[in-house]
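Keep in mind the model is a prediction, meaning the values are calculated, not measured. Within every chain, numbering begins at 1; the chains are lettered A, B, ... in the order of the sequence lines, protein sequences first and strands thereafter.
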Amino acid sequence: MFGLVDCNNFYASCERVFRPDLNGKPIVVLSNNDGCVIARSNEAKKLGVPMGAPAFKHRELFEKNDIKVFSSNFALYGDMSNRVMSILSTYTPKMEIYSIDEAFLNFDGFELFDLPMMGLEMREKILKGTGIPVSVGFASTKALAKIANCVAKKFPERTGGVYLIDTDEKRLKALKWLKVEDVWGIGRQHAKKLAYLGIRTAFDFVQLPDSWVKNNMSVVGLRLKRELEGERTLELEDIKQKQSIATTRSFDKMYTTLPELNERVVTFAVTGAEKLRQQKCCCNALMVFIHTNYFKDDLAQCNRNIVLKLPYPTNSSSELAKFAKEALAQIFLKGYSYKKAGVILLDIIPEMPHQLNIFENSNPKHKALMKAIDRINGDFGSHKVILAAQDPARRWKMKQENYSPRYTTKLDEIITIKCE
DNA sequence: TCTGGGGTCCTAGGACCC
DNA sequence: TCTGGGGTCCTAGGACCC
C-alpha cells in the first residue's frame, strides 16, 4: 500500500497557524511580486477566486468580501513543511517528499496494521504539532493513492480526512466519480483531446484501448492507465540531486540597458551557485534567457536564450557570474524593454569526483573562498557578502506588500504571548 | 501601473558512427 | 534501373507536476 499525505491549502494554512483570528475567514496568498493567486483557503475558493488569478484584476473582489491577502513567505512555508515531513517520517522509513506540501509513504509489510486508524492518528498529530490540516489517501498504487486523497479532502465529514481504496468496488466507484481532468498526470492538453472523444471520468479513460493511449499520450499515459487499473508501475523515488537549478525573476519595472540586466543575471548566477554548492555539485553548462513583457501586445517583443557550455565544471559564484555575463552579452539586443530574466544551471555533476580538464580548470582558490562566503552568509544572513557586480544597495526589491512575519525562522519575528 | 517560479520526463528528428 | 542496416547522442519542443 501507498499513502499520500497532502496538506490542505498549504500556504494559506501556514499563514493561519499564527493568526487564529483568521480561522474560517477567506484568505489568499500571492506569488512573488504579489502577482498571482497561488493559494486560497476554502472560504476564498467558495467566493470564486480562481487559482492563478492576477491579483490586480481581483482587488475589488478581495475588498468586497474582506479577503485577507498575503505575500508569499517561503521562509515560513519551507520551515512548516519540514515540521510536517519530520512527523510523517516517524510512520515509515520509506517516504518520498513529493513537493513542499505532500509526501508518498510506502506501507509494504504493514498488512497487519489498520491503515485508516493510522491515517487518523497522523492527521491529529500533525494538526496538534504544527497546526496544519492534512488529508490522507491509501491505495495500492501511487495514482490511486492520489485519488483516495482527493476523496478524503472532498468529503471531510464522511471520511474524517482519511480514505482507503482497498477493493475493486471502491476503486471503480472512485474512478467513476473523478473527472478525467483531475487525474494526476492528465493536464490541460490531454484533457481537451479526451473531452473531444467524450471521455469524462477517470473510469472512461481506463476503458480506452492501450494503443490509443500509447499513441496519444506516450508511455507516460500508458503507465498511468495501468496505475488506475491497480497495477503498480510507479515506485517511490529517491531524493536525487537536482538535474537543473533555475533562478528566474520578473522585474519590478522594465529594464532596457545591458548594465541593468548584468546585475540581475549575476545575482541569479550567484544564487544558483549557492544552491549548487549546497548539494555538493558542479555544473558544466548554463542557460541565460531574457524576455520582454508578453502581456503587452503593443510593445516590440524579444525572447532570447543561449546555452553556454563551460570549459570546466564549476560551482564558484564568481566564475558562474562571469560566464552568465558573457552569455547575456551574446543575446542582449538594444531597443527592447525587458521584464524578466533567468539563469539555469545545467549538466550538473557531483563535485567529487569529477574529470579535470588538461588545459583549463576552475580556480582552486575559489573553493576555500566560497566556503568562507557560504559560512558568513549562513551565520549572519544571506547577501552579507556579495560580488561587486551585484547591486550593493539592493534596489531591486520584490513587491511584497503583505508579507507576514517569519514566525518560526527569525528570532526577532517570533510571536509574543502576553500572560495576564 | 499591475500578470510567479521551479522542476521532471518523453519523443521525434537530425547528425553522426560503423 | 538499382543505393543497407543498426546503432548512439543531442536538441528542441511538448507534456506534465507542485
Side-chain angles (χ1 to χ4, degrees), chain A residues 4-11 28-39 50-60 62 69-74 77-78 81 96-104 142-143 146 149 180-194 213-224 227 233-234 237-254 268 271-272 275-276 279 284-285 287 289 291-297 299 303 305-307 309 337 339-348 398-401:
Chain A
L4 175 68
V5 182
D6 190 311
C7 301
N8 302 346
N9 314 323
F10 183 55
Y11 297 165
V28 298
V29 178
L30 304 182
S31 61
N32 279 346
N33 274 321
D34 291 346
C36 298
V37 173
I38 54 170
M51 185 64 172
F56 76 93
K57 283 191 181 169
H58 293 83
R59 289 271 174 241
E60 234 171 83
F62 296 162
V69 178
F70 287 94
S71 304
S72 39
N73 182 346
F74 289 106
Y77 312 150
S81 170
E96 173 191 347
I97 298 177
Y98 181 69
S99 74
I100 192 163
D101 75 332
E102 64 189 290
F104 284 102
K142 284 173 115 179
K146 269 269 188 191
N149 186 287
V180 73
E181 63 266 31
D182 295 335
V183 174
W184 182 47
I186 295 183
R188 257 214 298 273
Q189 299 308 315
H190 288 323
K192 219 193 295 176
K193 210 185 277 180
L194 291 165
V213 176
K214 173 88 202 294
N215 287 337
N216 289 275
M217 302 171 68
S218 84
V219 296
V220 182
L222 202 53
R223 274 204 290 259
L224 175 63
E227 285 264 311
T233 63
L234 303 171
E237 285 179 29
D238 300 329
I239 316 131
K240 284 173 290 186
Q241 274 146 347
K242 298 232 187 320
Q243 298 171 36
S244 64
I245 292 174
T247 312
T248 71
R249 289 288 178 280
S250 301
F251 309 140
D252 47 348
K253 57 182 174 99
M254 305 287 203
F268 298 158
T271 304
K275 292 185 195 165
L276 203 50
Q279 68 169 46
N284 278 302
M287 177 199 272
F289 73 80
H291 60 70
T292 45
N293 188 344
Y294 45 68
F295 291 104
K296 302 261 182 254
D297 314 336
L299 286 182
N303 200 340
N305 71 71
I306 185 173
V307 174
K309 302 230 165 183
S337 299
K339 179 65 180 167
K340 181 170 176 167
V343 174
I344 305 172
L345 306 181
L346 303 162
D347 195 356
I348 292 174
M398 215 165 19
K399 189 174 158 198
Q400 285 177 319
E401 288 175 353

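Within the nucleic acid shown, A:R59 has no heavy atom closer than 4.0 Å to any nucleic acid atom. Among the atoms of the strands shown, none is found under 4.0 Å from any heavy atom of A:K253. Residue contacts for A:K240: at a heavy-atom cut-off of 4.0 Å it reaches the sugar-phosphate backbone alone, with no base atom in range. Residue A:V219 is classed as a sugar-phosphate contact, given heavy-atom separations below 4.0 Å to backbone atoms only. Here A:I344 lies out of heavy-atom contact (under 4.0 Å) with every strand. Looking at heavy-atom distances under 4.0 Å, A:K146 makes contact with sugar-phosphate atoms alone, never a base. Nucleic acid contact for A:V183: sugar-phosphate only, since backbone atoms but no base atoms lie under 4.0 Å from a heavy atom of the residue. Residue A:I186 is in sugar-phosphate contact alone, with no base atom involved, counting any heavy-atom pair closer than 4.0 Å across all strands shown. Using a 4.0 Å heavy-atom criterion, one finds that A:D101 contacts the sugar-phosphate atoms exclusively. Within the 4.0 angstrom heavy-atom criterion, no nucleotide atom of any strand lies near A:Y294. Looking at heavy-atom distances under 4.0 Å, A:S244 makes contact with sugar-phosphate atoms alone, never a base.
Closest non-hydrogen pair, A:A55 versus A:D34, comes out as CB-O, 3.7 Å. The two residues A:S71 and A:Y77 have their closest heavy-atom pair at O-OH, 3.9 Å. Residues A:S31 and A:S72 share a closest heavy-atom pair of C-OG, 3.6 Å. Closest non-hydrogen pair, A:A285 versus A:V307, comes out as CB-CG1, 4.4 Å.
To the nearest angstrom, P of C:dA15 lies 5 Å from CD of A:Q189. Note: CD (A:E96) to P (C:dC18) measures 12 Å, nearest angstrom. Separating the CG atom of A:N33 from the P atom of B:dG4 is a distance of 8 Å, rounded to the nearest angstrom. At whole-Å resolution of the value, CG in A:N284 and C1' in C:dC9 are 16 Å apart. Per the geometry, CG belonging to A:L30 stands 12 Å off P belonging to B:dT3, to the nearest Å. Separating the CD atom of A:Q279 from the C1' atom of B:dG6 is a distance of 13 Å, rounded to the nearest angstrom. Atom CG in A:D34 sits roughly 12 Å away from atom P in B:dG5 (whole-Å rounding). B:dT3 atom P lies 14 Å from atom CZ of A:F62, rounded to whole Å.
One finds no side-chain N or O of A:K399 lying less than 4.0 angstrom from the OP1 or OP2 phosphate oxygen of B:dT3. Contact between the side-chain N/O atoms of A:K339 and the OP1/OP2 oxygens of B:dT3 is found at a separation under 4.0 Å. For A:R223 and B:dC9, the shortest distance from a side-chain N or O to OP1 or OP2 is not below 4.0 Å.
Relative to the side chain of A:K309, the nucleotides B:dG4, C:dC17, C:dT11 differ in distance, and C:dT11 lies closest. Listed nucleotides: B:dC10, B:dT3, C:dC18. Nearest to the side chain of A:F295: B:dT3. Listed nucleotides B:dT3, C:dA15, C:dC18 differ in distance to A:Y98; the shortest reach to its side chain belongs to C:dC18. Among the nucleotides B:dC2, B:dC9, C:dC18, the one closest to any side-chain atom of A:K296 is B:dC2. Comparing C:dC16, B:dT3, B:dG7 by their closest approach to the side chain of A:P54 singles out B:dT3.
Summarising the local packing, NZ of A:K242 is surrounded by 12 or fewer heavy atoms from other residues, nucleotides or ligands at distances under 6.0 Å.
Checking each of A:E96, A:E237, A:E227 against A:K142 for a side-chain hydrogen bond (donor to acceptor under 3.5 Å, both in side chains) leaves exactly one that passes, namely A:E96.
Comparing the C1' positions of C:dG4 and B:dC17 gives an interatomic distance of 15 Å, to the nearest angstrom.
Comparing A:S218 and A:A55 against DNA chain B, the residue whose closest nucleotide sits nearer the 5' end is A:A55. Map A:K214 and A:K57 each onto its nearest nucleotide of DNA chain B; the residue landing nearer the 5' end is A:K57.
Here the two rings, on A:Y11 and A:F74, have centers that are under 6.0 Å apart.
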